[in-house]
Amino acid sequence: MNRDIEKNYDPKTLEDKWYKIWEERKAFSPDKKKDKVFSIIMPPPNVTGILHMGHALNTTCQDVLVRHKRMSGYNTLWIPGTDHAGIATQAKVEKKIFKEEKKTKHDLGREDFLKRIWEWKEEHGDEIVKQLKKLGASCDWDYETFTMDEGPNKAVRKVFTKLYNEGLIYKDKRIINWDTVLQSAISDAEVEYKEVKGKFYHIHYQVEGSDEVLEVATTRPETLFGDTAVAVNPKDPRFKKLIGKNAIIPICERVVPIVGDSYVDMELGTGCLKVTPAHDFNDFEIGKRHDLEVINILHPDGKLNQHAKAVEGLSAQAARKKTIEILKEKEILVDVKEHKHQVGHGERSDSVIEPMVSTQWFLNVQDMAKKSLQSVKKEKMNFVPKQWENTFFGWMKEPRDWCLSRQLWWGHRIPVYTCKTCEYEFSFESEPSECPKCQSRTLIQDPDVLDTWFSSGLWPLSTLGWPVQEEMDKKGFDTYFPNTMLITAFDIIFFWVARMSMMNIKLMNTVPFKDVYIHGLVRDKQGRKMSKSLGNGINPLDLIEQYGCDAMRFTLANGCGFNRGFNLDPKLIESSRNFMNKIWNAFRFISPFLRRKVGNYKISTRDIDIPTKWILTELNSTAHLMNKHLEAYRFDEAASTIYSFVYDKFCSWYLELSKPVLYSDDQAIVKKRAEILRFLFEELLKLLHPISPFITEEIWSYFYEDRLIINQDYPVLRQEYQFDHEHEKMAHFIELVTQIRNLRASVGLKPKEQIELEFFTDDKKTAEFIHENRHYLESLAQVKKGTIHNKDAKRPQKSTMATTSLVETFLPLEGLIDIAEEVARLNKQIDKVKSELEKVNKKIQNKNFMDRAPEEVVLEVRTKAKDFQTKLDALEANLSSLE
RNA sequence: GGGCCCUUAGCUCAGUUGGUUAGAGCGCUACCUUGACAUGGUAGAGGUCAGAGAUUCGAAUUCUCUAGGGCCCACCA
């Protein structure tokens, strides 16, 4: 090695360096010569976004798979991009402008305001991109797409126009969720229901021309100004006779019909329902059935309008208070009851959603949803883990038409135009210059923009250049669409996965991806969701700063199985950092024996010892398992597999066993071992690379100057490295050494103090093996001398012993052992073996078991019984020799 | 109200078609500055797998019920 290596692993110096090199060498570009294809799109983060643990987990999962596939010979493409995030971005820039210039968007006007957002985007939009790079994401930045780029805009216009012309997109005046802070419609999916403590107000409504009163119960008394009926159940004997008569709404003194509608629950409340079609979803439906008047009582900002004269200009809350006061004065508020109920809040603004009647654009999704549902059922699209398809089904089974329009400025503007001259309305794929009907040039475009998820729904298409043929050819549309898979979190299954699948099936007649892997949420140490309000968020960049990206990625992968997420304790990352340090130092240890190379590296499996055959076999099973787990999206299993190989197999045993070899005087032996160590190290770096790319690339660079690890072939199981027989022998040897160490510890020997042992075995091969490897016993357990006897030989007195099924090991320590302690230790072991033996014997005595269990299970149990018996006999013999 | 999931060591979690001496990491205990690593080493302690029942030769694993916890959906005035 011709470079000095720092004693401690310091990730800071190497992570940025390698990312730059990968980018410069185009290491993330797909290799189009390869036959097998792996393509995946990144869920586009908001341009306004700041990296959080969710991104870190999502990106890690994707990058692990992408790197694995790339190394496994796939034509691998990972497309990154960012989302314009209509509401979030507009609100952010709006706030900034107001803070700095005290101007609202209306002061600036639509055009200038949009210009300002674009300026903001140019200036800050790559912040999130820089952060993704910090995570090591090996996506092809040449494909980077922004949802408001020209390409996606073409896609949006084309699709909108197609759906419009098919009559699936329509304009309708109906009740929608209105966010009074954003002053825009929002979709059903954007409404969060929260439990709120409220009150039931019981109010008397007079029946017209009679002394009778109807008692209605409501949680929102201020809506009475919009009441246009009172409804009762037509079967209700109490009120049946009133149907067809009129009631008088208090305060505004409006006369409204009393209607019978089976929606009304006789048991609930008073059995009498005030009907406010303009501000309640169910009332709207009742209104339609009975042809009721719809009176909107709210301004867009949520304040009461002229239809609520008595409380005009007040916020809903203030209006409620005042309404109650008036009702009290009039003595028609007859009861107030505590009541807990679910109230819709805007996901973005967190303000109370006011259902409101308004004219909006809708997409009829009934048929699209049905087809999408069938695709999942037919397993054309697989959710992993499978139970997530229930969440998907939940949405698809009863879809409500999608409210597409938003009263915002930032977004894809709805491409619908109305001719001022002839009033013809049409949708157009590009900017129209004249009315197709009357050729008038005075066209007015719809002022609204589309829901952000409309363009997100087209993401698998638009990122590959669709619908422009030239772009599609350039980007390899035919090769990469549909994508191999998608990785996302469960909270956007409705928003995004559902929309993408509907859109893509509709447009391309195929699902957009084969697999959808859903990972969980990263929560804090105590299992709480990370949130701004709790202040418990962990910034991934801080973790990277403190422990390094590799350690963080390793921890995330390690926690990411088929679960609902995991609780992230920074301590876990510390442990991963220690693992990286372990690798670093293992490399530091072997590096003086190695030379830097150019060209392929091979080892010979001729004349290698048992430990080497053992570690090669371990390497094999590690390679096999890594591939298996990564194929199955078991990031957790993959991480612990490589961890165990590096730590428990390579460092703890093979390196230790290699020390006496490397310190040998015979240079040929040293060289041979060094080559094997190098080979093993290269392989383990490759195996780990997808999870922890930086440290592996760094160490790799000490091995080779002409190539990067990112492009190497991922290890697979190789028959020539499989030595099952030697593997078993070595496993027994490890058991033996551990027992000897245990013996030493149990009598309190100092680590350096050398011992003499006596072994008793009737197994000739074991005897030979112990003899051949006696120098290892010395280096690993300070055994300076050992004598091997047949089992019929006399056991030494006053000694401590341990036993495996093949060999008894005695440590004679006349006078040094505490007899009482030793007896206790032996008794404990005897008890344990006895109970195991009993269990096994019970099975053997059970005739049903012997008759019905499969042969190999019976055989296994018999072997166990024999082994336990041998151990027990030896332990008991030793015990009696002490007493 | 409907649906999904969880309950395994002090903590965070694995345990794939029923057969393991039920595992890992962190934490804990004892000993150790052994020439890769104290961001370390060696050896340990610690679990009647939430509870009850059922199926089976055999259940952490399958089924039913109970208790506790989480999440999603839903218009209950």
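To find a chain, count down the sequence lines: A is the first, B the second, and so on, and within it residues start at 1. Computed from a predicted structure; not experimentally measured.
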Q: Verify the contact: side-chain N or O of R744(A) to OP1 or OP2 of A30(B), cut-off strictly under 4.0 Å; return yes or no.
A: no

Sub-3.5 Å pairs of nitrogen or oxygen atoms, protein against nucleotides 46-49 of chain B:
none

Q | Results of salt bridge (Lys or Arg N to Asp or Glu O under 4.0 Å) for K659(A) - residues two or more places apart only | A | E656(A)

(Q) Does the plane of the ring in F587(A) sit parallel, tilted or perpendicular to the ring in Y702(A)? Use 30° and 60° as the thresholds. (A) tilted

Q. U42(B) C1' sits how many Å from D648(A) CG, rounded?
A. 14 Å

Q: Nearest whole angstrom, please: distance from the C1' of C71(B) to the CZ of F490(A).
A: 7 Å

Q.
Just the rounded figure in Å: distance from C1' of C13(B) to CG of L521(A).
A. 17 Å

Q | Residues that F579(A) engages under ring-ring contact (aromatic ring centres under 6.0 Å, His included), provided they are two or more places apart | A | F554(A), Y643(A)

**Q.** Distance in angstrom units between F393(A) CZ and G2(B) C1', rounded
**A.** 17 Å

Q: Name all stems that contain residues of RNA chain B, defined as runs of 3 or more consecutive Watson-Crick or G-U wobble pairs, both distances under 3.5 Å.
A: B:1-7 with B:67-73, B:10-13 with B:23-26, B:28-32 with B:40-44, B:50-54 with B:62-66

Q: Name all residues meeting the salt bridge (Lys or Arg N to Asp or Glu O under 4.0 Å) criterion together with D335(A); count only those two or more places apart in sequence or in a different chain, and write none if there are none.
A: K337(A)

Q: Tell me, please, which residues at least two apart from P660(A) pass side-chain contact (heavy atoms from CB on, under 4.5 Å).
A: Y776(A), S779(A)

(Q) Rounded to whole Å, please give me the gap between CD in E855(A) and C1' in G58(B). (A) 18 Å

Mind listing the N/O atom pairs, protein and nucleotides 37-40 of chain B, below 3.5 Å?
{"unit_1": "C37(B)", "atom_1": "O4'", "unit_2": "N585(A)", "atom_2": "OD1", "d": "3.2"}
{"unit_1": "C37(B)", "atom_1": "O2'", "unit_2": "N581(A)", "atom_2": "ND2", "d": "3.1"}
{"unit_1": "C37(B)", "atom_1": "O2", "unit_2": "K582(A)", "atom_2": "NZ", "d": "3.2"}
{"unit_1": "C37(B)", "atom_1": "N3", "unit_2": "K582(A)", "atom_2": "NZ", "d": "3.0"}
{"unit_1": "U39(B)", "atom_1": "O4'", "unit_2": "N578(A)", "atom_2": "OD1", "d": "3.0"}
{"unit_1": "U39(B)", "atom_1": "O2'", "unit_2": "N581(A)", "atom_2": "ND2", "d": "2.6"}
{"unit_1": "U39(B)", "atom_1": "O2", "unit_2": "R577(A)", "atom_2": "NE", "d": "3.1"}
{"unit_1": "G40(B)", "atom_1": "OP1", "unit_2": "N578(A)", "atom_2": "ND2", "d": "3.0"}
{"unit_1": "G40(B)", "atom_1": "O3'", "unit_2": "K582(A)", "atom_2": "NZ", "d": "3.2"}

Q: Under 4.0 Å between any heavy atoms, over every strand shown, what does L655(A) touch: base, sugar-phosphate, or nothing? Just pick one.
A: base

Q) Residues two or more places apart in sequence or in another chain: which of them pass side-chain contact (heavy atoms from CB on, under 4.5 Å) with D867(A)? A) S805(A), T863(A)

Q. What integer number of Å spans the P atoms of G46(B) and A9(B)?
A. 14 Å

Q) If you check the R634(A) side chain, which of U42(B), G25(B), G15(B) turns out closest? A) G15(B)

**Q.** Of the listed nucleotides A43(B), G15(B), C5(B), the one nearest the side chain of E637(A)
**A.** G15(B)

Q. Can you list every salt bridge (Lys or Arg N to Asp or Glu O under 4.0 Å) pair that touches residues 642-654 of chain A, not counting sequence neighbours?
A. E618(A)-K649(A)

Q: Please figure out whether K628(A) or M850(A) has its closest RNA chain B nucleotide nearer the 5' end.
A: K628(A)

Q) Is the shortest distance from a Lys or Arg side-chain nitrogen in R174(A) or E285(A) to a carboxylate oxygen in the other one below 4.0 Å? A) no

Q.
By nearest heavy atom, map V737(A) and H629(A) onto RNA chain B; which one lands nearer the 5' end?
A. H629(A)

Q: Could you tell me the separation between the CZ atom of F593(A) and the C1' atom of G35(B), rounded to a whole number of Å?
A: 11 Å

(Q) Mind checking if T738(A) touches a base, just sugar-phosphate, or nothing, with heavy atoms under 4.0 Å? (A) sugar-phosphate

(Q) Is the phosphate of G58(B) approached by N848(A) (side-chain N or O, under 4.0 Å from OP1 or OP2)? (A) no

Q) In whole angstroms, how far is the P atom of U12(B) from the CG atom of D569(A)? A) 10 Å

Q) How far, in whole Å, is A59(B) from A52(B) if one measures between their P atoms? A) 14 Å

Could you list all N or O pairs between the protein and nucleotides 18-21 of chain B that sit under 3.5 Å apart?
{"unit_1": "U20(B)", "atom_1": "O3'", "unit_2": "K864(A)", "atom_2": "NZ", "d": "3.4"}
{"unit_1": "U21(B)", "atom_1": "OP1", "unit_2": "K864(A)", "atom_2": "NZ", "d": "2.9"}
{"unit_1": "U21(B)", "atom_1": "OP2", "unit_2": "K864(A)", "atom_2": "NZ", "d": "2.5"}
{"unit_1": "U21(B)", "atom_1": "O4'", "unit_2": "E836(A)", "atom_2": "OE1", "d": "3.0"}
{"unit_1": "U21(B)", "atom_1": "O4'", "unit_2": "E836(A)", "atom_2": "OE2", "d": "3.3"}

Q) With sequence neighbours left out, what residues match Q739(A) under side-chain contact (heavy atoms from CB on, under 4.5 Å)? A) E735(A), A802(A), T804(A)

Protein-nucleotides 73-77 of chain B N/O pairs closer than 3.5 Å?
{"unit_1": "C75(B)", "atom_1": "OP1", "unit_2": "R400(A)", "atom_2": "NH2", "d": "3.1"}
{"unit_1": "C75(B)", "atom_1": "O2'", "unit_2": "N282(A)", "atom_2": "ND2", "d": "3.4"}
{"unit_1": "C75(B)", "atom_1": "N1", "unit_2": "N282(A)", "atom_2": "ND2", "d": "3.1"}
{"unit_1": "C75(B)", "atom_1": "O2", "unit_2": "Y263(A)", "atom_2": "OH", "d": "2.6"}
{"unit_1": "C75(B)", "atom_1": "O2", "unit_2": "N282(A)", "atom_2": "OD1", "d": "3.2"}
{"unit_1": "C75(B)", "atom_1": "O2", "unit_2": "N282(A)", "atom_2": "ND2", "d": "2.6"}
{"unit_1": "A77(B)", "atom_1": "OP2", "unit_2": "H339(A)", "atom_2": "NE2", "d": "3.4"}
{"unit_1": "A77(B)", "atom_1": "O2'", "unit_2": "A217(A)", "atom_2": "O", "d": "2.9"}
{"unit_1": "A77(B)", "atom_1": "N6", "unit_2": "D265(A)", "atom_2": "N", "d": "3.4"}
{"unit_1": "A77(B)", "atom_1": "N6", "unit_2": "D265(A)", "atom_2": "O", "d": "2.4"}
{"unit_1": "A77(B)", "atom_1": "N6", "unit_2": "L268(A)", "atom_2": "O", "d": "3.1"}
{"unit_1": "A77(B)", "atom_1": "N1", "unit_2": "D265(A)", "atom_2": "N", "d": "3.1"}

Q. Of the nucleotides A14(B), C31(B), A43(B), which has the atom closest to the K750(A) side chain?
A. C31(B)

Q | d(CZ, F635(A); P, U16(B)) in whole Å | A | 19 Å

